[in-house]
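Values reported hereafter were calculated over all heavy atoms of this structure, with side chains retained and with hydrogens, waters and symmetry mates removed. This structure is a prediction, so every number in the text was calculated from the model and none was measured.
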Amino acid sequence: MPDTVITDLDDDDETNDLIDDTSSPASAAARRRVRSRRVGRWTRWLHVYISMISLLIVLFFGITGLTLNHPSWTLGGSPTTHTYAGTVPAGFASKGSVDFLAVTEYVRKANGVRGTVAGYQANDTEGTVGFKGPGYAADLVFDLGTGHYTLTVEEQGLLGVLNDLHKGRDTSSSWNWTIDVAAVILVAVAVTGLGIQVLQKRRRRRALTFAAAFTVLSLMLIVRTMR
């Protein structure tokens, strides 16, 4: 039987790979090439579009990773501290019980307090409430007898907000989900990028060599920082 002639296979024409003798080594090799090209095409497609989706995510976590590593940078937005005073309306406390909801809602409206309540407590004479948010902290101290309060608000500026968002500190559950999704997307970008290099024979060895070298270097740096 004459040898099977295999025509050129490009990325968009796998269906033209019709082999007369499907049991021949040439036919098996052709099918492997078709499968490899199909996987390669889908990998490139995923990598391109996932990269476009994650572009802002990469920029955000890349920039904030740099600013976190240099806490002295303020970029013109220095932290500020403000102190407020006032009196909680009557009825917030009764028979040793404090209506913390009424107190917190009042100072939110009166002084623009934001963030979530991080903690609250009361003793025989005074009560305290702490508020936390990205780049934001407020501490309220009020007298149980008179209702007079002092509120201290610390704001870290835009840079502090972005840094806390990077760390997921004092953020909402929706932002925590955003971080999880961002992590999955970045992993997908890395895996598909590596897959593209592995599927290209000409670049495979060099790509894997670089990947192995930087992996070893990263592990060495991690071990060194742990000492």
Side-chain angles (χ1 to χ4, degrees), residues 3-71 73 75 134 158-159 161-169 171-227:
D3 291 338
T4 303
V5 177
I6 303 174
T7 58
D8 232 348
L9 295 173
D10 55 44
D11 287 347
D12 299 317
D13 198 25
E14 300 119 355
T15 56
N16 290 333
D17 185 54
L18 302 177
I19 308 300
D20 293 332
D21 184 359
T22 57
S23 63
S24 69
S27 174
R31 288 198 300 274
R32 285 195 297 270
R33 286 197 296 271
V34 169
R35 285 194 297 269
S36 178
R37 289 175 179 176
R38 183 182 294 119
V39 172
R41 187 169 65 249
W42 276 102
T43 303
R44 287 193 297 273
W45 184 88
L46 285 172
H47 184 76
V48 168
Y49 286 98
I50 293 175
S51 297
M52 292 301 98
I53 293 172
S54 65
L55 180 60
L56 291 178
I57 295 174
V58 173
L59 285 174
F60 172 77
F61 283 100
I63 292 172
T64 53
L66 184 62
T67 56
L68 278 171
N69 199 42
H70 297 274
W73 294 0
L75 303 182
L158 178 60
L159 191 59
V161 173
L162 296 178
N163 287 343
D164 279 354
L165 287 174
H166 180 107
K167 294 182 287 187
R169 185 170 66 182
T171 57
S172 64
S173 58
S174 59
W175 180 254
N176 290 334
W177 276 104
T178 301
I179 293 177
D180 289 340
V181 172
V184 172
I185 290 176
L186 294 179
V187 169
V189 170
V191 171
T192 53
L194 181 62
I196 290 173
Q197 298 301 322
V198 169
L199 291 170
Q200 296 184 15
K201 292 183 178 180
R202 293 181 180 179
R203 301 179 182 177
R204 182 185 303 164
R205 179 175 297 179
R206 182 171 58 184
L208 292 178
T209 300
F210 273 101
F214 279 100
T215 298
V216 172
L217 178 61
S218 299
L219 290 175
M220 291 174 62
L221 290 173
I222 291 172
V223 171
R224 183 175 180 181
T225 57
M226 293 174 63
R227 292 179 179 177

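Here ring pair (Phe, Tyr, Trp, His ring centres under 6.0 Å) pairs that include residues 32-58, with residues two or more places apart or in two chains, are W42-W45, W45-Y49.
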Q. How far apart are the C-alpha atoms of L165 and T64, what are their side-chain angles, what is the distance that settles it, and do they pass the side chain to side chain contact (heavy atoms under 4.5 Å, CB included) test?
A. CA-CA 9 Å; L165 287 174; T64 53; over 6 Å; no
Q | side chain to side chain contact (heavy atoms under 4.5 Å, CB included) assessment of L159 paired with T67 | A | CA-CA 8 Å; L159 191 59; T67 56; 3.7 Å; yes
Q) For T171 and N176, what are the C-alpha separation, side-chain angles and deciding distance, and is it a side chain to side chain donor-acceptor pair (under 3.5 Å)? A) CA-CA 7 Å; T171 57; N176 290 334; 3.1 Å; yes
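Rounded to the nearest 0.5 Å, atoms CD1 (I57) and CD1 (I50) are 11.0 Å apart. Separation of atoms NE2 (H166) and CD1 (I63) is listed at 11.5 Å; rounding is to 0.5 Å. T215 contributes atom OG1, which lies 13.0 Å from atom CZ of F210 (distance to the nearest 0.5 angstrom). With values rounded to the nearest 0.5 angstrom, I222 atom CD1 is found 10.0 Å from L217 atom CG.
Taking all atoms of both residues into account, the shortest heavy-atom contact from T192 to A188 is OG1-O, 2.7 Å. In this structure, G195 and T43 approach most closely via the heavy-atom pair C-CG2, 4.2 Å. The heavy-atom pair separating V161 from P134 by the smallest distance is CG2-O, 3.3 Å.
When the side chain to side chain contact (heavy atoms under 4.5 Å, CB included) test is applied to L208, the partners found at least two apart in sequence or on another chain are L194, V198, R204.
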